[in-house]
S.K.: 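Have a look at this one before I ask anything.
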There are 2 protein chains.
Amino acid sequence: MDEAARQERIAEFERLSREQGRRLTVQRRVILEAVLDLDNHPSADGVFDRVAGRIPGVARTTVYRTLDELNSMGLISKACHPGRVVRYDTRIDHHHHLFCTSCNEFIDITDERLDALVIPDTSGWDFEVSELRVQLLGTCGRCRQSERKEESK
Amino acid sequence: MDEAARQERIAEFERLSREQGRRLTVQRRVILEAVLDLDNHPSADGVFDRVAGRIPGVARTTVYRTLDELNSMGLISKACHPGRVVRYDTRIDHHHHLFCTSCNEFIDITDERLDALVIPDTSGWDFEVSELRVQLLGTCGRCRQSERKEESK
DNA sequence: TTAAGTGCAAAAGCTTTGCGGGTAG
DNA sequence: CTACCCGCAAAGCTTTTGCACTTAA
């Protein structure tokens, strides 16, 4: 994330916090900065590792609680994937994911045709759509290589 | 799932098992039948509940292991969602999901425009795509109703 | 001042692992 | 017969909860 977008997101965080009567603490600010700096859709634990280097003695609990709040505030979101740990996404613009089912890593992509997708009429299901996400599952180059090495053993 | 499709999936399971040298046990057969019968993208625990009624004394472990195998065999798949428990999907035809972020339930949908989507060129990322999934996140009718009731209290 | 936030410890929930006995092929 | 599979118990990992202390406003 470039510096301008980063600063803007932090400003938005401060604005929303005041608006919603949330307190601006060091922990919250550093946790937000940490997620924004990590670009690979980190888990709570990944964020904790980074935060722990900056606030000695910070509690895991605080990271979990804060990430959940940032998600509620719409400043970050939870990524969709087939695994079992919750992972967060800092991009809130329209984009899509490649997800490697072998190493569980995400790759962000943008694609005209995918972007052109229109949310279909879901009135038949009585469902209010807030977001459309496209996910491409497969295997990344690195994992395919190691699979080949494994086979040729 | 209609009876014909169900029988076909079970036959496929038996064929693949023999082909891959896996043993056909009562547990595996009943676990497969259970997932196929549950249409709401069950978690391992949900499958276990149903299986436990049919094989007294079956171990949770067995259900976890078997679901993982059925997934490897391509007979079922893991659903993508923002939560933390793994959930399975028995439909292997092309379809998409509505996912209610309030009650964590899936609704299967088919839509012409979504079906018409072409997997974009991902060669630039050195990534082999095996599947394209579209997910619509939002809130189902029931949850919107209870939210309204909550507000008017 | 004081209610919201934090850290700590413990619990809870989901899943995996190791192992001895059981069973399909 | 024997390699694979199952049940059991325990561990492992991620996340949540309860509570007393701290701190932003």
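Excluded from the calculations below are hydrogen atoms, water molecules and symmetry mates; all remaining heavy atoms, backbone and side chain alike, are included. Lettering of chains follows the sequences in order, A, B, ..., and the numbering in each one begins at 1.
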S.K.: Run the side-chain contact (heavy atoms from CB on, under 4.5 Å) test on A/W125 and B/L98 for me, step by step, so that the C-alpha distance in whole Å, both residues' side-chain angles and the decisive distance to 0.1 Å come before the verdict.
M.R.: CA-CA 9 Å; A/W125 289 279; B/L98 302 178; 3.8 Å; yes

S.K.: Quick one: do the B/D89 and B/H95 side chains pair a donor with an acceptor below 3.5 Å?
M.R.: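 Side-chain D/A pair, B/D89 to B/H95: present.
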
S.K.: Taking B/L117's backbone N and O only, do any of them form a donor-acceptor pair with A/R113's side chain (distance below 3.5 Å, no angle check)?
M.R.: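 Checked: no pair found.
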
S.K.: Using a 3.5 Å distance criterion without hydrogens, assess whether the side chain of B/T139 forms a donor-acceptor pair with backbone atoms of A/E128.
M.R.: no

S.K.: Quantify the bending of the helix from C/dT1-D/dA25 to C/dG25-D/dC1 as the angle between its end axes, each fitted on five pairs, to 10°.
M.R.: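 If I round to tens, the end axes sit 40° apart.
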
S.K.: Calculate the interatomic distance between A/F48 atom CZ and D/dT15 atom P; express it in whole Å.
M.R.: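 Nearest whole value for this atom pair: 13 Å.
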
S.K.: Report each atom pair, protein N/O against N/O of nucleotides 13-17 of chain C, whose distance is under 3.5 angstrom.
M.R.:
residue: C/dT15; atom: OP1; partner: B/V86; partner atom: N; Å: 2.8
residue: C/dT15; atom: OP2; partner: B/Y64; partner atom: OH; Å: 2.8

S.K.: Between A/D39 and A/R91, is there a salt bridge with N-O shorter than 4.0 Å?
M.R.: no

S.K.: Between B/E105 and B/R87, is there a salt bridge with N-O shorter than 4.0 Å?
M.R.: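 Looking at B/R87 and B/E105, the cut-off is met.
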
S.K.: How long is the span from the CZ atom in A/R133 to the CG atom in A/L114, to the nearest 0.5 Å?
M.R.: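 Taking CZ in A/R133 and CG in A/L114, the distance rounds to 14.5 Å.
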
S.K.: Within residues 13-34 of chain A, find the residues that approach DNA chain C with a heavy atom at under 4.0 Å, and present them sorted by residue number.
M.R.: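 Here the set is A/R22, A/R23, A/T25, A/Q27, A/R28.
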
S.K.: Apply the test ring pair (Phe, Tyr, Trp, His ring centres under 6.0 Å) to residues B/H81 and B/H97: give CA-CA distance (whole Å), side-chain angles for both, the deciding distance (0.1 Å), then the verdict.
M.R.: CA-CA 10 Å; B/H81 64 114; B/H97 287 148; 9.6 Å; no

